[in-house]
Amino acid sequence: MLNREVDGGAVKDTVYDRLAKSDPRVKAELAVIHKSGSFPDGTFLFRKGTPAELTTAVKKALLELAKVREGKPALDGIGADRFIETDKRDFSYLAKLVKRMEGK
């Protein structure tokens, strides 16, 4: 129970890893009791009716960000190494988890 503030919580794996790297108490005093399945994060969505030219341009820019000189600092600033293309199938684990939680 780190800092004696709460008995439990949830956190993204990369956040846990970063905190554990900077503070040895994280691994020493906290126990991971469950790891979820994988699903994408940092997702960009567009509302229905957004012009196709805009969505195509933004998608292209994000997917190519890691390939340009200015991209590395921008990605580092948000804790990412690149963007990847996803679709609904990539969120199937999360959708199943939400359905399970709604049933309780």
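Residue indices begin at 1 and follow the sequence shown.
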F91 side, atom CZ; L97 side, atom CG - distance, nearest 0.5 Å: 13.5 Å

Enumerate donor-acceptor pairs with a distance under 3.5 Å from any side-chain N or O in residues 66-81 to protein atoms, sequence neighbours excluded.
{"residue": "K72", "atom": "NZ", "partner": "D76", "partner atom": "OD1", "Å": "3.0"}
{"residue": "K72", "atom": "NZ", "partner": "D76", "partner atom": "OD2", "Å": "3.4"}

Same cluster (ILVMFWY, side-chain, under 4.5 Å), V58 and L65: yes

Atom pair CG/OG1 of D41 and T43 - distance to nearest 0.5 Å: 6.5 Å

Straight-line distance of D90 CG to I84 CD1, nearest 0.5 Å: 6.5 Å

Passing candidate, side chain to side chain contact (heavy atoms under 4.5 Å, CB included) with L19, options D17, D23, V15: V15

L94 CG to K96 NZ distance, which is reported to the nearest 0.5 Å: 11.5 Å

CZ (R82) with more than 12 external heavy atoms under 6.0 Å: no

Greater than 12 external heavy atoms within 6.0 Å of K59's NZ: no

R47 backbone acceptor or donor facing T50 side chain under 3.5 Å: yes

Closest approach of V26 to Y16 (non-hydrogen atoms, all atoms of both residues): CG1-CE1, 3.5 Å

Under 3.5 Å, which donor-acceptor pairs do the side chains of residues 33-40 form with other protein atoms, sequence neighbours left out?
none

